[in-house]
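Quantities reported herein were computed from a predicted structural model and do not represent experimental measurements.
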Amino acid sequence: MKKEVARKSPVGQLKLREAMLSFKYRQFRNPLERMAHVVNDGAVRMVDAYNSKKFCKIRIKRAVKAARQGRLVPKIGRPAVVIGVKEQIIENIVNDQKPENTPDVKVSAPVAYDYIKRHLELNASKQKIVVVNRLAVSCQQVLKPWHDILNGLHQNNSYNNALIFNVDESSLRVPDSSNRNVVHPAKAKPGFAKSAARMANSTLIAAVAADGQSLPSVILWPSLKLPDDLKPLQSTNLEIWPNKCGWMESSTFRKYALTILLPSIKERRQRMSLDESHCLLQSDSHISRADPTIWREFKKENVDVVTFVPHSTHICQPLDLGVFDVLKSELSSQYEAPSSSSSAAKRTALVEALQQSIHSALSPSVIKRAFKSSGVLKDSSGPVLMKLPLSSTYPLSSHKNRFDFYGKEITEEKVLNEWDDYLRKKSEMENEKENISDEENDETMNFTKKLKR
């Protein structure tokens with residue numbers, strides 16, 4: 001005898017539609033999971049869900065069963081099961097209670113995803129790849145003293161945001177080719193794809209202010225004279241300097257700091273009628289900055305200069321946290337490798353990509369957001385430090401045979417005097433070595449002459 005099937009009820013279908021659109025069940029983005037919870041809560045009958053014809057009966061039946069068990073409801077309706085050993089493996093990983101001398105066991109992505117869905121206090125995200133030197137300084141123990149120096153300067157001088165600056169440089173090298181997957185018969189091998197020669201490195205020197213504005217920038221181009229293709233890029237806010245290698249050097253930084261950066265800071269301060277106000281400049285600890293005569297000029301103009309702790313710019317430097325990320329992203333998307341491998345064709349393609357890329361990277365919104373997230377503004381270091389562990393298990397990198405100007409206020413008179421003493425003693429030691437070497441050479445020559453006689 002056949003079982004009597006309930007007929008389609010207009011009232012039941014109306015209730016189902018209202019429940020599926022209600023705020024209570026809208027949190028379930030998967031429509032099948034939403035329907036399963038509507039049925040489980042008794043808002044509609046199972047037969048009304050069947051008669052809606054939105055999903056087949058077996059999928060609805062599986063979804064309802066999974067919802068009753070408190071498990072994830074996939075699109076097919078079959079409940080994902082995490083039981084026994086796999087469940088215990090995940091719990092040990094989460095609670096950091098892995099038994100000793102047990103092998104590492106990996107669970108599949110669906111198993112881990114189901115476990116996370118059932119534990120609302122957990123979430124999954126990709127790990128960032130960071131070199132060991134950066135991991136060593138990524139802790140409160142290393143960065144808090146530097147933030148204390150910065151906060152002390154903020155309290156003493158009450159810097160205007162328009163007079164807080166950051167200077168750094170970034171490579172403009174763009175890859176000319178990318179890896180591609182080729183579909184081909186199993187017995188054949190894919191052919192070769194032509195690729196242009198790798199572009200020589202060029203560098204952008206940029207300086208930005210916390211109010212969202214940028215100071216004049218410079219591109220270091222690896223040539224003896226400026227190519228005509230690059231001249232369209234030049235403007236009042238962007239200069240191009242021919243440079244043998246295309247990298248930042250001590251002489252190049254000195255020229256930029258004293259002929260562009262410092263005059264621009266002074267001009268901005270005069271324009272704001274803040275001639276007596278102190279300015280704050282933050283710079284990394286690159287070897288090109290190791291010249292105290294530069295910073296004495298900044299000190300004369302009431303510009304306080306603080307260097308970042310080495311390898312910490314990915315946490316503290318505004319240019320690294322926003323501006324250069326946007327620059328490299330835009331440059332990669334805007335640059336189209338030319339069909340010709342000639343230097344002129346590559347320069348033309350780079351000029352076209354740079355115009356939009358630099359404009360986007362130095363936009364006020366990007367600069368302001370970068371300063372806000374870096375923790376270098378007044379009373380903003382707390383959230384940055386709280387995200388870091390108290391200490392690190394990795395050893396700090398050492399900088400031997402160099403003056404320690406890292407993570408300090410390098411325009412402080414005490415630091416400048418110690419720096420001068422260090423350089424004087426180093427110069428005297430080098431002269432002594434040269435004198436000793438000359439004496440040894442003279443003795444060798446005299447001895448050789450005697451042998452010849």
Evaluate the criterion side-chain contact (heavy atoms from CB on, under 4.5 Å) for residue pair Phe298 and Leu258; output intermediate values, then yes/no. CA-CA 9 Å; Phe298 277 76; Leu258 298 182; 4.3 Å; yes
Evaluate Leu172 against Leu327 for side-chain contact (heavy atoms from CB on, under 4.5 Å), listing each step before the verdict. CA-CA 9 Å; Leu172 296 179; Leu327 174 68; 3.9 Å; yes
Begin with the C-alpha distance, continue with both residues' side-chain angles, and end with the deciding distance and a verdict on side-chain contact (heavy atoms from CB on, under 4.5 Å) for Glu409 and Leu153. CA-CA 9 Å; Glu409 181 194 350; Leu153 288 171; 3.6 Å; yes
Verdict with reasoning, Glu169 to Arg289, per salt bridge (charged side-chain N to carboxylate O under 4.0 Å, His left out): CA-CA 12 Å; Glu169 64 273 356; Arg289 278 67 159 164; 2.8 Å; yes
Could you check Val218 against Ile240 for side-chain contact (heavy atoms from CB on, under 4.5 Å), going step by step and ending with a plain yes or no? CA-CA 6 Å; Val218 170; Ile240 304 177; over 6 Å; no
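A search for ring-ring contact (aromatic ring centres under 6.0 Å, His included) contacts involving Tyr25 returns nothing, not counting sequence neighbours. Taking Lys426 as the reference, nothing meets the salt bridge (charged side-chain N to carboxylate O under 4.0 Å, His left out) condition, with sequence neighbours excluded. Checked against ring-ring contact (aromatic ring centres under 6.0 Å, His included), Phe308 has the following partners two or more places apart in sequence or in another chain: Trp146.
When all heavy atoms of Ser380 and Pro383 are compared, the pair lying nearest together is O-CD, 3.6 Å. Listed here is the closest heavy atom pair of Asp229 and Val351: O-CG2, 3.5 Å. Pro263 and Ala257 get closest at one heavy-atom pair: CD-O, 4.3 Å. Scanning both residues, Phe405 and Ser285, for their nearest heavy atoms gives CZ-O, 3.8 Å. Residues Val303 and Leu262 come closest through the heavy atom pair CG2-CD1, 4.2 Å. The two atoms that bring Asn201 and Pro222 nearest to each other are O-CG, 3.2 Å, heavy atoms only.
Every pair passing side-chain hydrogen bond (donor to acceptor under 3.5 Å, both in side chains) that includes a residue from residues 298-318 is listed here, sequence neighbours excluded: Ser138-His314, Asn157-Asp304, Tyr159-Asp304, Asn166-Gln317, Asp168-Gln317, His278-Asp304, Glu297-Lys300, His311-Ser397, Thr313-Asp320, Gln317-Asp320. For residues 362-397, there are no ring-ring contact (aromatic ring centres under 6.0 Å, His included) pairs, not counting sequence neighbours.
Side-chain contact between Asn243 and Cys245 is present, with at least one heavy-atom pair separated by less than 4.5 Å. A 4.5 Å side-chain heavy-atom check between Leu233 and Leu354 finds at least one atom pair inside the cut-off. When side chains are defined from C-beta on, Val309 does not count as touching Tyr406, because their heavy atoms never get closer than 4.5 Å. Between Phe165 and Leu280, every side-chain heavy-atom pair lies at or beyond the 4.5 Å cut-off. Counting heavy atoms from C-beta on, the side chains of Asn133 and Val137 never come closer than 4.5 Å. Ile260 places none of its side-chain heavy atoms less than 4.5 Å from the side chain of Leu215. Leu150 has its side chain out of reach of Cys316: every pair of non-hydrogen atoms, C-beta onward, lies at least 4.5 Å apart. At least one side-chain heavy atom of Ser170 sits under 4.5 Å from a side-chain heavy atom of Lys328.
Rounding to the nearest 0.5 Å places CH2 of Trp241 at 15.0 Å from OG of Ser202. The CG atom of Leu230 sits 10.0 Å away from the CG atom of Leu238 when rounded to the nearest 0.5 Å. Atom OG1 of Thr203 and atom CD1 of Ile219 lie 9.5 Å apart (nearest 0.5 Å). In this structure, CG in Asp291 is found 7.5 Å from OG in Ser250, a value given to the nearest 0.5 Å. Going from atom CG of Leu321 over to atom OG of Ser374 covers 6.0 Å, rounded to the nearest 0.5 Å. Interatomic distance, Ser381 OG to Asp148 CG, rounded to the nearest 0.5 Å: 7.5 Å.
Using the six-membered ring where Trp is involved, Trp295 and Phe253 have ring planes that are tilted, between 30° and 60° apart.
A distance-only check finds no donor-acceptor pair linking the side chain of Thr252 to the backbone of Met248 [under 3.5 Å]. In this structure a side-chain-to-backbone donor-acceptor pair under 3.5 Å is present from Thr411 to Val305. No side-chain donor-acceptor contact under 3.5 Å links Ser329 to the backbone of Asp325. Judged by distance alone, the side chain of Ser427 and the main-chain N or O of Leu423 form no donor-acceptor pair under 3.5 Å. The main-chain N or O of Leu388 is found under 3.5 Å from a side-chain atom of Gln140 such that the two form a donor-acceptor pair. Using modelled atom types, one side-chain atom of Lys408 and one backbone atom of Asp404 make a donor-acceptor pair closer than 3.5 Å. Listed for the Gln282 side chain is no donor-acceptor partner under 3.5 Å among the backbone atoms of Val306. Judged by distance alone, with hydrogens and angles left aside, the side-chain atoms of His154 form a donor-acceptor pair with the main-chain N or O of Val376 at under 3.5 Å.
A donor-acceptor contact closer than 3.5 angstrom is absent between the side chains of Thr348 and Glu352.
Salt bridge Arg296/Glu413: present, at least one basic N to carboxylate O contact under 4.0 Å. By the 4.0 Å N-to-carboxylate-O rule, Arg269 lies too far from Asp275 to be salt-bridged with it.
In the displayed structure, Glu276 atom CD is contacted under 6.0 Å by at most 12 heavy atoms of other residues, nucleotides or ligands.
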What side-chain donor-acceptor pairs closer than 3.5 Å can you find for residues 204-214, not counting sequence neighbours?
from	atom 1	to	atom 2	distance (Å)
Asp211	OD1	Gln213	N	3.2
Asp211	OD1	Arg268	NH1	3.3
Asp211	OD2	Arg268	NH1	3.0

